[in-house]
Protein chains: 2
Amino acid sequence: MAKETIAGLAKRLGISKASVSYALNGQPGVSEVTRRRVLDLAEELEWYPSSSARALSRSRSGAVGMVLSADPDLIGTEPYYMGLLAGIETALAEGDMALMLRMVGTDPAQERATYERWAGERKVDGVLMFDHLHEDPRPALLDRLGLPFVLHGAPERHGPAPFSGTTTDHAVDSATIVNHLHLRGHRRIAHVSGPHRFLHEEQRIACVRRRAAAHGMAVVTREGNYALAAGHDAVVSLLGEPVEDAVTAVILGNDLMSMGALLALRELGLRCPEDVAIVSWDDSLHCQLASPSVTALSRNPVMQGRVAAELLLSLLDSGTLQTRAMPASDLVARSSTGS
Amino acid sequence: MAKETIAGLAKRLGISKASVSYALNGQPGVSEVTRRRVLDLAEELEWYPSSSARALSRSRSGAVGMVLSADPDLIGTEPYYMGLLAGIETALAEGDMALMLRMVGTDPAQERATYERWAGERKVDGVLMFDHLHEDPRPALLDRLGLPFVLHGAPERHGPAPFSGTTTDHAVDSATIVNHLHLRGHRRIAHVSGPHRFLHEEQRIACVRRRAAAHGMAVVTREGNYALAAGHDAVVSLLGEPVEDAVTAVILGNDLMSMGALLALRELGLRCPEDVAIVSWDDSLHCQLASPSVTALSRNPVMQGRVAAELLLSLLDSGTLQTRAMPASDLVARSSTGS
DNA sequence: CTGAAAGCGCTTACAG
DNA sequence: CTGAAAGCGCTTACAG
């Protein structure tokens, strides 16, 4: 059997293609009885309108794009992204939008090339982006390309061109962590952040410093890259030599670095939490299963993904630019801080 | 500026739309010099042909679909899928195909509904599927829908209708694990599998039994569901009461159940590996980081995803149905079996 | 409320 | 090698 088309349905029903189209799309211009007949026949035939024909005549692809840039062999170690993806997809499905996924390496040029191509081909109606960078070229690029986007993890202060995005209150999250450590008696702490090129890492660093200063605590900062080895090496460099005023607690920018920190402490013969406490800025099963289990800030990736996708959907169908603040994260206190 | 079209390029160059199209698609019918002029202009204008127009006239969407069915909150705990996705995407990108991703809940009807819709809308040219089930209805459904597909993890013996897929030699993998345990002196082992509805779990069970029998080893089987708690509970039920002929080693169907098993041993006051050894049928960071670290069978999800995607690409452009055997997995020996 | 027609932007026989 | 034209399957003013 050849594929059924809208013309076929129209002929079977003895009406025009336009009527079928109006009926399918819930447009006025058909009687209720005609609409029902169309819908019933479509269902009976298991017929759906061709997405490409629809995309062409509507000038809308019905899909949203997302590019994940990461080392393919390491992507599996980032459960945060998988959760985000799940939240995004669920929300998009409800809005009847498809998700187009592209994975590229860590070269930022590949991500930009993907956007140029998608815009040129009109392959997607909009884009979801993550991890705002210092002087991020992407918002301007997407504006130039005319591709609507939502930035998950946008800066709280906007530049000249406003855009849609989600924001996180780093001051609150930082306070949650620092207060927790202060309460447990720590006065000298270290903060091993992710790469400085990410705006949110810069903000976290500043907020941790500010909060620690308010408590009269000293804080040492190190830059990591989210890999296990970075957490390990930072701890070795911080605590490898016995010194007078060694830090008694270390905050790490994600769960993997926290695992690395734990390994380093073990190697150095330091006990956790008795000698050194550990806090992870990202919760995961790793934090739960480690021994000692690791106190962690619990973001909610599924919910965050959902919100980001909803912002994009509303941007696409009403053109409203808006930013939405993520709720403060909860600290899950575990053994690594003596809880 | 309005969006450039193929007609616009043709006019600018003073040639026909057909020539532009031939030039872009590497078809014969244009002189080399004309082709170059077209390509240069397209590049200069950052112009790409509209994907929906192309899809409509070619009757090909240029996309491949994949539905992941899992609990959204648990999906992040399955690094295997993320790796698979990375491998698939890399291969598809090289074949100039887009990936359409849909996440649905655990209700199998949702997955099938997605296929029906995709086929009806002609949204994707083909589909990638995982985890062959007992009496799996999906291959027949996709055949009826006329949607080409590749089944990752296909049964080694095919039914009446042949199809494209990847196969795993469970006998070899099972032997790797069982031999490893036999060599370390174990004579009574347990095998906590994933759900029996998955064909590969049934096959693993049979292969482990067969291999163990060949060595004169006794094997007890339990059905799990891949969750941490299932591994925990299985071990409690196997080793909770001290018995004469208790098992001395447990094979678990994935990394999460292995973590659960480790927790249970700790609770029961049993030492690993001295009292009970553990082997995981799936490697991951969890196995590496656990204490003791867990001996695991290392599949290579990125490579497997790549192979599956390549099978689909070749099915789509030459119609060749083929199955490809995955290489045998390696056993990574770690502390949990005394290595 | 309904129908005939143009248009979305490509590809692809077909005639020159 | 090139050009005019039909066709892919929808949507959407427009006239009745």
Side-chain angles (χ1 to χ4, degrees), chain A residues 1-39 41-42 45 47-63 96 117-125 317, chain B residues 1-39 41-42 45 47-63 96 117-125 317:
Chain A
M1 60 181 183
K3 177 72 167 70
E4 202 55 73
T5 69
I6 202 172
L9 295 218
K11 184 183 285 183
R12 280 173 191 254
L13 294 169
I15 60 180
S16 73
K17 283 165 35 183
S19 302
V20 177
S21 175
Y22 292 142
L24 290 170
N25 295 305
Q27 306 271 12
V30 254
S31 62
E32 259 324 300
V33 31
T34 307
R35 185 187 306 277
R36 263 270 54 92
R37 288 179 61 214
V38 171
L39 262 24
L41 182 60
L45 299 176
W47 178 86
Y48 296 87
S50 149
S51 62
S52 50
R54 185 170 256 188
L56 182 59
S57 55
R58 285 187 179 168
S59 305
R60 268 182 147 244
S61 70
D96 210 25
R117 178 128 186 230
W118 276 349
E121 294 182 329
R122 320 235 126 163
K123 189 111 186 166
V124 299
D125 299 327
D317 65 46
Chain B
M1 60 179 187
K3 177 71 167 68
E4 202 55 75
T5 70
I6 202 171
L9 295 217
K11 184 182 286 182
R12 280 173 191 254
L13 294 169
I15 61 181
S16 73
K17 284 167 31 181
S19 301
V20 177
S21 176
Y22 292 143
L24 290 169
N25 295 306
Q27 306 270 12
V30 254
S31 62
E32 258 325 299
V33 31
T34 306
R35 186 187 304 275
R36 264 267 55 91
R37 290 179 60 215
V38 172
L39 263 24
L41 181 60
L45 299 176
W47 177 86
Y48 296 86
S50 148
S51 63
S52 49
R54 187 171 254 187
L56 182 59
S57 56
R58 285 185 177 169
S59 305
R60 266 180 150 248
S61 70
D96 209 25
R117 177 127 187 231
W118 276 348
E121 293 182 330
R122 320 233 126 165
K123 190 112 187 165
V124 299
D125 298 327
D317 65 47

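Fair warning: this is a prediction, and the values are worked out from it, not measured in the lab. Numbers restart at 1 for each chain; the letters A, B, ... are given by sequence-line order, proteins then strands.
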* 4.5 Å side-chain heavy-atom contact, B/Arg12 and B/Leu45 -> yes

* Asked: Should A/Ile6 and A/Pro49 count as side-chain neighbours, where that means a heavy-atom distance under 4.5 Å?
  -> no

* Asked: Which comes earlier along DNA chain D counting from the 5' end, the contact point of A/Ser21 or that of B/Thr34, where each point is its nearest nucleotide?
  -> B/Thr34

* **First of B/Gly14 and A/Asn25 reached from the 5' end of DNA chain D, by closest nucleotide** => B/Gly14

* **chain B contact limits on DNA chain D, taken 5' to 3' with a cut-off of 4.0 angstrom to heavy atoms** => D/dC1 to D/dG9

* Are the side chain of B/Trp47 and the backbone of B/Glu4 linked by a donor-acceptor contact shorter than 3.5 Å? -> yes

* To do: Quick one: do A/Arg58 and A/Asn25 satisfy side chain to side chain contact (heavy atoms under 4.5 Å, CB included)? Show the steps, please.
  => CA-CA 12 Å; A/Arg58 285 187 179 168; A/Asn25 295 305; 2.9 Å; yes

* Output yes when B/Arg117 and A/Asp96 qualify as a salt bridge under the 4.0 Å nitrogen-oxygen rule, no when they do not. => yes

* Side-chain heavy atoms of B/Lys123 within contact of A/Ser51, under 4.5 Å -> yes

* **Counterpart residues, side chain to side chain donor-acceptor pair (under 3.5 Å), relative to A/Ser31 (two or more places apart)** => A/Thr34

* For B/Ser59, which contact category applies under a 4.0 Å heavy-atom criterion: base, sugar-phosphate, or nothing? -> nothing

* Watson-Crick and G-U pairing of DNA chain C, under 3.5 Å, as dot-bracket with | and [ ] -> |||.||||||||.|||

* Where each residue is assigned the nucleotide of DNA chain C containing its nearest heavy atom, which of B/Leu56 and B/Tyr22 is assigned the position nearer the 5′ end? -> B/Leu56

* Quick one: does B/Arg60's side chain get under 4.5 Å of B/Arg122's, heavy atoms only? -> no

